[in-house]
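What follows is a single structure, written as C-alpha cells, with notes after it.
None of the values given here were measured: they were computed from a predicted structure. Note on naming: letters A, B, ... go to the chains in the order of the sequence lines (proteins, then strands), and numbering restarts at 1 for each one.
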There are 2 protein chains.
Amino acid sequence: MTDPLSTTLAALADPTRRAILARLSTGEASVNELAEPFDMTLAAVSKHIKVLENAGLVSRSKQAQYRPCALDATPMREVATYVETYRRFWEQNLDQLDAYLRKLQTPDSNTKN
Amino acid sequence: MTDPLSTTLAALADPTRRAILARLSTGEASVNELAEPFDMTLAAVSKHIKVLENAGLVSRSKQAQYRPCALDATPMREVATYVETYRRFWEQNLDQLDAYLRKLQTPDSNTKN
DNA sequence: TTCGTATTTTACTGATGAGTAAAATACCAA
DNA sequence: TTGGTATTTTACTCATCAGTAAAATACGAA
C-alpha cells in the first residue's frame, strides 16, 4: 500500500484523524491542543499526527519546544479527482430513485392495484 | 471505526479494491472475471469484494451459480462532500504556489542578488 | 545546572487486515 | 445422482494498527 492515494485514503479513514484535520482547518495547533478533546493518551494523538504527516496532510514547524501542526489539504485533491470519476454513477442512482418516486406518486402508474 | 465515511474510505484505501471498482464501472462482472487480472487467490478477491459490499460500494445479484457484482457509487458521494469542504485549502495552496512562481519570474524581486 | 512543559520513542498488548490452502456450499447439466 | 463450475468459509500465518505506560528527548526559564 505504498501509492499516495491509498496512503491518503487510509489516513482519512479514521474519525480521530479527521477531527484533527477539522480542528487544523481553523488554524495551527500544538499537539497538546489537538489532543485535548480526545479521551486518549498524548502519545496516541502524536501517532495519529504522524500518520497524517506521513500522508502529507499535516506539516510541522518548530517554535521553541512546540512543534505546531498545520493543515495541508493538497493530497485531498487527488481524492476529490478520484471520486469525481464516479460522480455520474451516484447521480445516475439518484436519477433512478427520483424517477421511481415520481412513478409512485403518479396515479396512472398504480391503476392496476 | 463504525461510521459509514470511515468504512467507505477504508474500503477505497486499497489498490486492488479500487481496481475492482474501476472494472465494475464498465459493467457487471462475476467474481471469476474480477479476479482474473490479479495475482491472488479467488478467495482473496472474494474477501475484497466482501469489504466493498460491506461498504455499500458493490451490490450482488444471483444468476444460477453466479453472484455477479455491480458498482454502487452512492457511498462515494459522502467522500466527495467531505473532501469538498477542504477544497479552498488546497486551492489556496495552489494560489500561493502560483504567486511564488510569479515572484520568482519577476525580475524586480531578485534585484538584491 | 536544574526544573518544567511539550513531544516522541520504545516495548508491549490486543485487534484487525491481507493472504493462502483446503474444505464446504450452491447450483446447473448430463 | 454424479460431476463440474462458481463462490465462500474456515483455520491459520504474518504484518500492521491503535492504544498504553514509562522512559527519553528537546528546549526555554529560573
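Rounded to a whole Å, the CZ atom of B:R60 is 14 Å from the P atom of D:dA6. Straight-line distance from the CG atom of A:D39 to the P atom of D:dA18: 17 Å, rounded to whole Å. For the pair B:I49 CD1 and C:dG19 P, the interatomic distance rounds to 13 Å; values are reported in whole Å. When the P atom of D:dA18 is taken as reference, atom CG of A:N54 falls 12 Å away, rounded to whole Å. Whole-Å rounding puts the B:L42 CG to C:dA23 C1' distance at 15 Å. Going from atom CD of A:E33 over to atom P of C:dA6 covers 10 Å, rounded to whole Å. With rounding to whole Å, B:D14 atom CG is found 10 Å from C:dG17 atom C1'. The nearest whole Å value for the distance from the CD1 atom in B:I20 to the C1' atom in D:dT7 is 14 Å.
Both B:K50 and B:Y66 sit near DNA chain D, but only B:Y66 has its closest nucleotide nearer the 5' end. Toward the 5′ end of DNA chain D lies the nearest nucleotide of B:N32, the other residue of the pair B:K47 and B:N32 mapping further downstream.
The side chain of B:H48 lies closest to C:dG19, out of D:dT8, C:dG19, D:dT20.
Side-chain polar atoms of B:R23 and B:T26 form a donor-acceptor pair below 3.5 angstrom.
Taking B:Y82 as the reference, B:Y86 meet the ring pair (Phe, Tyr, Trp, His ring centres under 6.0 Å) condition, with sequence neighbours excluded.
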| Full working for side-chain hydrogen bond (donor to acceptor under 3.5 Å, both in side chains) between B:D72 and B:T74 | CA-CA 6 Å; B:D72 184 350; B:T74 313; 2.5 Å; yes
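Note on A:E84 versus A:R87: salt bridge recorded, some NZ/NE/NH1/NH2 to OD/OE distance being below 4.0 Å. A salt bridge does not link B:E53 with B:K50: none of the charged nitrogens is closer than 4.0 Å to a carboxylate oxygen.
In the hydrophobic clustering of ILVMFWY residues, with side-chain heavy atoms under 4.5 Å counting as a link, B:W90 and A:L24 come out together.
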| field | Sequence-aligned protein contact record of nucleotides 24-30 of chain C, with B where the base is within under 4.0 Å of a protein heavy atom and S where only the sugar-phosphate is | value | --SSS--
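Taking 4.0 angstrom as the limit, A:T41 places a side-chain polar atom (N or O) nearer than this to OP1 or OP2 of D:dT20.
Within 4.0 Å (heavy atoms only), A:S30 reaches sugar-phosphate atoms of the nucleic acid but no base atom.
Contact of the A:Y66 side chain with the A:N32 side chain is not registered, since no non-hydrogen atoms from C-beta on lie closer than 4.5 Å.
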